[in-house]
Trainee: 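Here it is, the structure, as structure tokens.
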Amino acid sequence: MDLSLSTRTVGDRTVVEVGGEIDVYTAPKLREQLVELVNEGNHHLVVDMERVDFLDSTGLGVLVGGLKRVRAQEGSLRLVCNQERILKIFRITGLTKVFPIHDSVDEAVAASD
Amino acid sequence: MDLSLSTRTVGDRTVVEVGGEIDVYTAPKLREQLVELVNEGNHHLVVDMERVDFLDSTGLGVLVGGLKRVRAQEGSLRLVCNQERILKIFRITGLTKVFPIHDSVDEAVAASD
Amino acid sequence: MATVDLRFSASPEHVRTARLVAAAVARRAGVDESVLDELRLAVGEACTRAVGLHKLHGLRTPVRVSLTEGEKTFSIEVGDDAPGSVPQQRDGDDDAGEETDELGLAVISGLVDDLEVAADAEGGRIRMSWPAAAAV
Amino acid sequence: MATVDLRFSASPEHVRTARLVAAAVARRAGVDESVLDELRLAVGEACTRAVGLHKLHGLRTPVRVSLTEGEKTFSIEVGDDAPGSVPQQRDGDDDAGEETDELGLAVISGLVDDLEVAADAEGGRIRMSWPAAAAV
Ligand SMILES: Nc1ncnc2c1ncn2[C@@H]1O[C@H](COP(=O)(O)OP(=O)(O)O)[C@@H](O)[C@H]1O
Ligand SMILES: Nc1ncnc2c1ncn2[C@@H]1O[C@H](COP(=O)(O)OP(=O)(O)O)[C@@H](O)[C@H]1O
């Protein structure tokens with residue numbers, strides 16, 4: 001499955017719903033999307049990964065890049081993920097300490113920075 | 001998908017329901033089954049291929065072998081197949097002229113030799 | 001250079017792998033969905049034939065499959081190491097292997113328009129190609 | 001000899017093919033279903049790294065993946081042609097490629113117990129293996 005991306009606004013947050021496979025082949029599309037959003041002034045991002053089937057280190061790298069980018073604007077990047085096999089990838093790379101990870105979009109949107 | 005095989009008797013016919021992929025890897029199992037049935041005295045076979053997903057020339061070869069075997073016993077081998085992509089393989093190899101091919105098991109069982 | 005190159009020991013189970021790889025790469029290369037089933041079958045037949053020939057000659061070398069994305073075509077070449085493996089007609093020979101080999105080539109010829117079968121002392125080679133629109 | 005050998009031009013789309021092939025052959029070799037997801041990820045990471053290195057060095061040679069079914073293990077070796085490609089730590093370098101490379105190795109090390117990373121002037125090599133029960 002290829003990458004799917006859709007974006008919506010909830011209050012001052014921008015929710016990016018990602019689906020499919022985030023890998024070396026598709027990660028550039030996700031990077032573009034994040035860069036564009038930040039450039040357009042969306043500095044508080046919630047990346048919803050509930051429909052992600054596959055995530056590799058290239059995808060992680062893009063998320064880290066996104067985080068740096070919003071932080072440079074005093075913004076935030078929160079992740080939504082419940083899938084154990086995806087969470088495991090954040091854990092083994094130590095990135096659970098870097099990203100706030102939420103159980104639901106509601107929770108992520110409600111979280112204060 | 002691997003090969004699945006199940007056998008039942010309808011009057012003097014023996015119906016072999018085949019499912020999955022009949023290829024160079026699985027065809028030996030089908031051959032064994034047909035040889036065993038003929039050796040046990042089942043000389044009128046109906047091979048139901050409605051659930052076959054893939055068929056290659058090795059599978060065709062096994063069916064031709066089965067036909068020779070039952071004919072040596074004055075028996076019959078009828079095929080049931082409705083799937084265009086499977087029928088095409090019989091057509092391009094000229095085997096539609098060799099096998100009686102039926103639309104349904106009922107029709108094959110009712111056919112007189 | 002081939003885009004993707006697969007080599008496998010001459011064993012029936014790997015023919016499935018070859019079908020899987022060929023179909024996945026062909027899809028990516030923009031080969032039409034409607035053709036993928038036939039492509040899968042044709043590659044399988046060519047590999048089955050190569051595996052049979054390697055077994056017949058007791059060869060331990062791998063069977064080779066090259067997948068090449070061209071401008072407007074997608075090509076697959078299946079190579080074996082069996083000497084002079086171009087099919088000979090035998091008269092009334094009831095050898096199942098031989099018969100299946102002929103059926104295999106009949107299937108390939110029936111499916112593939114752009115087909116080249118060659119063989120020399122080094123081995124055999126079946127080359128097939130299909131139109132491919134560049135993937136979006 | 002490797003059971004199945006895959007070579008592909010250093011392009012991201014083929015990493016998917018490598019994952020697909022590795023998982024299919026591993027399943028057939030009796031690697032436990034529960035491990036296949038991790039195996040797929042680990043192979044993908046190793047191939048992604050190799051593709052990145054080939055691109056970095058402008059190499060036109062293919063990336064190599066060997067899949068070997070042993071008695072009780074299933075091994076995968078991913079080979080590249082990049083000279084001295086063992087990862088060096090760089091200080092504070094904000095280069096995304098480098099960072100991703102480190103993340104990739106972190107993922108592989110986290111997933112694979114039986115792992116060997118080697119490199120010399122000829123290129124790098126990541127070898128991973130998993131237990132495999134003989135398929136029924
Ligand atoms: N070597 C292989 N390459 C590619 N796909 C394979 C291979 N072996 C099996 N498969 C696929 O894996 C799945 C399970 O294989 P199957 O043959 O049913 O296993 P088993 O023989 O244990 O029942 C099927 O979808 C089959 O097509
Ligand atoms: N090179 C490849 N090797 C293996 N599988 C692939 C490859 N490219 C695509 N696929 C698979 O084929 C399917 C369709 O590919 P996808 O990326 O959705 O195509 P597109 O980019 O045209 O939308 C997906 O299941 C994907 O995983």
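Please read these numbers as outputs of a predicted model, since none were measured by experiment.
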Trainee: Any chance CZ of B:R69 has more than 12 other-residue heavy atoms, nucleotides or ligands included, within less than 6.0 Å?
Mentor: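 Count not over threshold, so no.
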Trainee: Under 4.5 Å heavy-atom distance to chain B, tell me which part of C:V15 shows up: side chain, backbone, both or neither.
Mentor: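 Contact with chain B involves the side chain of C:V15 alone.
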Trainee: Less than 4.5 Å to any heavy atom of chain C: does that hold for the side chain of B:L55, its backbone, both, or neither?
Mentor: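 Interface part for B:L55: backbone (N, CA, C, O).
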Trainee: Is it true that atom CG of B:D12 has more than 12 heavy atoms of other residues, nucleotides or ligands lying nearer than 6.0 Å?
Mentor: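 Enclosed: over 12 neighbouring heavy atoms sit under 6.0 Å from CG of B:D12.
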Trainee: What is the distance from atom OH of B:Y25 to atom OG1 of C:T48, rounded to the nearest 0.5 Å?
Mentor: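 Between atom OH of B:Y25 and atom OG1 of C:T48 there are 13.5 Å.
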Trainee: If I take atom CD1 from residue B:I92 and atom CG from residue C:L41, how far apart are they, to the nearest 0.5 angstrom?
Mentor: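 Atom-to-atom, B:I92:CD1 and C:L41:CG are 7.0 Å apart.
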Trainee: Decide whether a cation-pi geometry holds between C:R16 and B:F54; the criteria are a distance under 6.0 Å from NZ or CZ to the six-membered ring centre and an angle within 45° of the ring axis.
Mentor: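 Judged by the rule (NZ or CZ under 6.0 Å from the ring centre, within 45° of its axis), C:R16 is not positioned above B:F54.
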Trainee: Do other residues, nucleotides or ligands put more than 12 heavy atoms under 6.0 Å from B:E40 CD?
Mentor: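 Counting neighbours around CD of B:E40, more than 12 heavy atoms of other residues, nucleotides or ligands fall under 6.0 Å, so yes.
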Trainee: Rounded to the nearest 0.5 Å, what separates atom CZ in C:R40 from atom CZ in B:R85?
Mentor: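 So the CZ of C:R40 and the CZ of B:R85 are separated by 8.0 Å.
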Trainee: Measure from the side-chain N and O atoms of C:E45 to the backbone N and O of B:S57, and report whether any donor-acceptor pair falls under 3.5 Å.
Mentor: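 A pair under 3.5 Å: yes.
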Trainee: Closer than 4.0 angstrom, basic N to acidic O: yes or no for C:D37 and B:K88?
Mentor: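 No, no charged N to carboxylate O under 4.0 Å.
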Trainee: Working to the nearest 0.5 Å, report the span between CG of B:L60 and CD of C:E102.
Mentor: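 Nearest 0.5 Å value for the CG-CD distance: 13.5 Å.
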Trainee: Among C:C47, C:S11, C:P12, which residue meets the side-chain contact (heavy atoms from CB on, under 4.5 Å) test with B:V24?
Mentor: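 Single pass found, and it is C:P12.
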Trainee: Which distance, rounded to the nearest 0.5 Å, do you find between the CD1 of B:I89 and the CG of C:L103?
Mentor: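 One gets 11.0 Å once the value is rounded to the nearest 0.5 Å.
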Trainee: For residues 99-107 of chain B, dump all side-chain donor-acceptor pairs below 3.5 Å to protein atoms at least two apart in sequence or in another chain.
Mentor:
residue : atom : partner : partner atom : Å
B:H102  : ND1  : B:E107  : OE2          : 3.2
B:H102  : NE2  : B:R78   : NH1          : 2.8
B:S104  : OG   : B:E107  : N            : 3.1

Trainee: Can you tell me how far the CZ atom of C:R49 sits from the CG atom of B:D56, to the nearest 0.5 Å?
Mentor: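 The distance works out to 14.0 Å.
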